[in-house]
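Since the structure comes first, as structure tokens, the remarks are kept for the end.
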Amino acid sequence: MGVLAGIFSNTKEPDLKNILKGMLYSQSHRDRSVPRTMVGENIAVGMMNKHDTLFCQDIKNKEKNEETGGYYGIHAFVDGIVLNTTKHKKYFEEAGVNIPYPTSSAVVACAYRVWGVDFMCHLEGDFSCVVWDEKRNTLILARDPYGHKPLHYYHDKERTVFSSEIKGIIKAGVSPEIDLLSLSDFLTLNCVPYPSTIFKKISQVPPGHMIIIHGDAVKVKRYWHPDMIIDGSVSIEQCAYDLENAIRESIQKRLITDEIYCFLSGGIDSSAIVSFATELSQKPVHAISVGFQEEERNELDDAALMASHVGAVHHQVIATPDSFFDMLGLMVRHYDSPFTDTSAYPTYYAAQCAKKFTDIILTGDGPDQLMGGSAHHLFAVQHKIFSQKPYHVRAFSGFGASIIQKFCSDPAPSWVSKGYRRLYRESLSPVHAAYELRSYFPDFVKKFICCEELWEVHRNSSPYRHPEAWFEQGKHVDDINKYLLADMIFYLPDDLMIKVDRMCMAHGLETLSPFLDTSISAIVNRVPGSYKIFRLNGSAYVTKYVLKKIVRDRLPEQLYNKKKQGFGVPLKKWLSINNGESLKEILLDSRTINRGYFKKDAISKLLDVFIKDKGDYYFPSPNGIVGLITLELCQRQLYNF
């Protein structure tokens, strides 16, 4: 739980206190506690964080509304929870730095006083923070290593405006404007890579970074990165031993409430969390599972089996969702942006149900990206998609694609379009081709639906510049690890963490993710990809192999051997309700078309193929359609433009 907001101006600004109040309360769904603020002539910073005093049982009047006086001229504000604050309090006092109470904000302030701008290297937890150094007239915005907590900012020559969610920045008077470059990236990559957002001049503080603002100068400082340095001498047994200990310690650090609650889906990851938590907790652990009447792949029975296996108290809820299109509008208001990840829908309801029991919960997020558990990882290994293609194959394929394209008017399935798709993909670099496969709007589809201006943005600045750069960072490691590094850099913070934060904080539910402790990535990032996606006896591949070695004896046989499922919703059915009339009302409306992003005839064709069920995996994508809908709803409902 937590909200951050503030304004730092180069000149004296009137009414900063009221502007700050509006920014904070526009995000009050995240935290409804009384604000703590600091207001000066040209700066106003505030937070709402119920859990700031979590480790301070003797503080009276925790909800007291007052302006913070700071520590040694240093004012700190936190969204989330800093771990091990009592340990830090003892360290600071031994170093001669007095800290009356080990609140998260006080620990951040004292850490900055002791370690300066390196303070984030010494703190643990899923949190973002703001530090105002009164003496140096310096503002610092910092975000946790994987971007578990959001922090956005707008900067021009007059002022810096910052906020947990984008809506806080807009509340301060910043006018949002769609950035065509970000929109192009969104269509191709399914979400917008940091530091950009869908809006011009509104940026994310990158995960593992801090923004340091002093006068007109803005400095971006990286304090953490998921570096991969492979140690070939580490055996898989040693890796499993080290990883098991790291997971246990990571969970232990996060058992910070009297009653322990965990999400439990019935999959490997959440089951592992429940198993370790049960082992470590002095009381029975509570496991929360949510199912849906229309869910395509219901795992409630598996979750019940796991809860019974470890003796957890199981809370099982069948959610009755509202209208899908109404819910898309609600989720857009929490996202502040368009999105394509429809697992946000069950996540929202899971958080809603969990909030009835607790406001802090453990999640199993992260192992797929750290240890190779996703379908696209397995596909890449099975089909060796990152193998370099001979130059003549790419050249011949490109020539063939250019010939066929003359006879191919649209991407709807036909023997001509399928031939073009295949030849075009063969002409691409391996990385480009891999992300084309993952895109809901691959190049052929994107060119078909986009108006000339937006397609020209794509041509001038290819979205594939991003994955090519991510893979370049991992050029010294094997292909599996390259792919995982790219997911840690991009998919994990820009899709998964945003989804979890926005959907859970919509209900004021704080999530803690033990698998995203940096001690775990330090272990898995030094071993070969073959430890993660392992080939048994030269035949079948096992994903997340090193994790499965650890949990083999912790899970019932049925769960250990089952195929990965995850949340599944009947997306096509919901989108096609009333013969697609709701789709047409949004995507073919004059307001949508007049924005100038997409061609009406092309969108009409896309919807016709979709509604009549004449498409395939390539065109049209249901998730892509969700992206188009949420893009429009973002502009209509949230920002009224």
Side-chain angles (χ1 to χ4, degrees), residues 143 147 150-156 161-163 165-170 174-207 209 211 218 220 331-341 344 432 435-436 438-443 445-447 449-470 486 489-499 501-502 592 595-598 621 623-639 641:
R143 197 168 171 211
L151 189 52
H152 298 84
Y153 68 101
Y154 165 90
H155 177 79
D156 62 23
V161 183
F162 51 92
S163 174
E165 296 182 5
I166 292 174
K167 59 177 62 67
I169 294 174
I170 294 170
V174 175
S175 297
E177 181 182 352
I178 295 292
D179 184 342
L180 290 184
L181 180 58
S182 292
L183 176 55
S184 174
D185 288 347
F186 169 76
L187 293 172
T188 295
L189 300 174
N190 310 329
C191 47
V192 180
Y194 68 77
S196 300
T197 69
I198 198 68
F199 300 110
K200 288 182 179 179
K201 297 184 178 180
I202 298 178
S203 302
Q204 304 180 63
V205 176
H209 286 69
I211 307 296
V218 178
V220 180
M331 290 189 287
V332 163
R333 286 193 287 275
H334 287 292
Y335 260 90
D336 289 338
S337 299
F339 62 91
T340 60
D341 188 345
H432 186 153
Y435 282 83
E436 255 258 324
R438 292 175 64 174
S439 177
Y440 300 136
F441 295 100
D443 292 348
V445 178
K446 188 176 179 183
K447 182 179 181 181
I449 67 167
C450 287
C451 288
E452 185 59 34
E453 182 182 7
L454 184 53
W455 179 245
E456 192 64 21
V457 170
H458 172 99
R459 292 182 60 187
N460 291 336
S461 190
S462 170
Y464 298 104
R465 70 191 185 280
H466 294 292
E468 295 284 5
W470 304 327
I489 293 171
F490 169 57
Y491 176 80
L492 187 52
D494 284 323
D495 187 310
L496 183 58
M497 289 295 94
I498 288 178
K499 175 195 69 178
D501 176 81
R502 302 307 189 276
T592 307
R595 299 190 195 283
Y597 306 143
F598 308 112
S621 162
N623 291 81
I625 291 174
V626 169
L628 297 179
I629 295 169
T630 55
L631 172 65
E632 180 57 25
L633 293 180
C634 176
Q635 296 168 95
R636 288 188 194 182
Q637 298 181 11
L638 203 55
Y639 308 115
F641 69 86

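No hydrogens, no waters, no symmetry mates; every other heavy atom, side chains included, goes into these values.
- When all heavy atoms of V332 and C634 are compared, the pair lying nearest together is CG1-CA, 3.5 Å.
- Proximity of I170 to D336: side-chain heavy atoms (C-beta onward) are nowhere separated by under 4.5 Å.
- Heavy atoms only, all atoms of each residue included: C450 and L187 are closest at SG-CD1, 4.0 Å.
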(request) Go through I166 and T197 one step at a time and tell me if the side-chain contact (heavy atoms from CB on, under 4.5 Å) criterion holds. (result) CA-CA 9 Å; I166 292 174; T197 69; 4.2 Å; yes
(request) Report the C-alpha separation of K446 and S184 in whole Å, then their side-chain angles, then the decisive distance to 0.1 Å, and conclude whether the side-chain contact (heavy atoms from CB on, under 4.5 Å) test is met. (result) CA-CA 9 Å; K446 188 176 179 183; S184 174; 2.7 Å; yes
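- Side-chain contact check for L454 versus L183: some heavy-atom pair is nearer than 4.5 Å.
- Atom OG of residue S462 and atom CD of residue E468 lie 8.0 Å apart, to the nearest 0.5 angstrom.
- Pairing each heavy atom of P150 with each of R143, the nearest pair is CA-NE, 3.8 Å.
- Ring planes of H458 and Y464: perpendicular class, angle over 60° (limits at 30 and 60°).
- Put simply, the side chain of P338 does not reach to within 4.5 Å of the side chain of I629, judged on heavy atoms.
- Nearest heavy-atom pair across C451 and G596 is CB-O, 3.3 Å.
- Inter-residue side-chain proximity for V205 and F162 is flagged as unmet; no heavy-atom pair is nearer than 4.5 Å.
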(request) Please step through side-chain contact (heavy atoms from CB on, under 4.5 Å) for the pair T592 and Q635, ending with a clear verdict. (result) CA-CA 9 Å; T592 307; Q635 296 168 95; over 6 Å; no
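- Interatomic distance, CZ of F490 versus SG of C191, reported as 3.5 Å (0.5 Å rounding).
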(request) Kindly indicate, with the supporting measurements, whether the criterion side-chain contact (heavy atoms from CB on, under 4.5 Å) is fulfilled by K167 and R333. (result) CA-CA 9 Å; K167 59 177 62 67; R333 286 193 287 275; 5.6 Å; no
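- Residues R438 and Y491 meet the side-chain proximity criterion, which asks for heavy atoms closer than 4.5 Å.
- Salt bridge present: R465 and D185 bring a charged side-chain N and a carboxylate O closer than 4.0 Å.
- Judged purely by atom type and a 3.5 angstrom limit, Q204 has no side-chain atom pairing as donor or acceptor with the backbone of H152.
- Under the 4.5 Å side-chain criterion, counting only non-hydrogen atoms from C-beta, L631 is in contact with Y597.
- Atom NZ in K499 sits 11.0 Å away from atom OG1 in T340 (nearest 0.5 Å).
- Residues F441 and G624 share a closest heavy-atom pair of CZ-O, 3.2 Å.
- Rounding to the nearest 0.5 Å places NZ of K200 at 10.5 Å from CG of L181.
- For N460 (side chain) and E456 (main-chain N/O), a donor-acceptor pair under 3.5 Å exists by modelled atom type.
- Residues D443 and E436 have side chains in contact (heavy-atom distance under 4.5 Å, counting atoms from C-beta outward).
- Residues P463 and L189 come closest through the heavy atom pair O-CD1, 3.8 Å.
- Between the CG atom in D341 and the CG atom in D494 there is a gap of 12.0 Å [rounded to 0.5 Å].
- With contacts defined as side-chain heavy-atom distances shorter than 4.5 Å, the pair Y153/V161 does not qualify.
- Between the OG1 atom of T630 and the CZ atom of F339 there is a distance of 5.5 Å, given to the nearest 0.5 Å.
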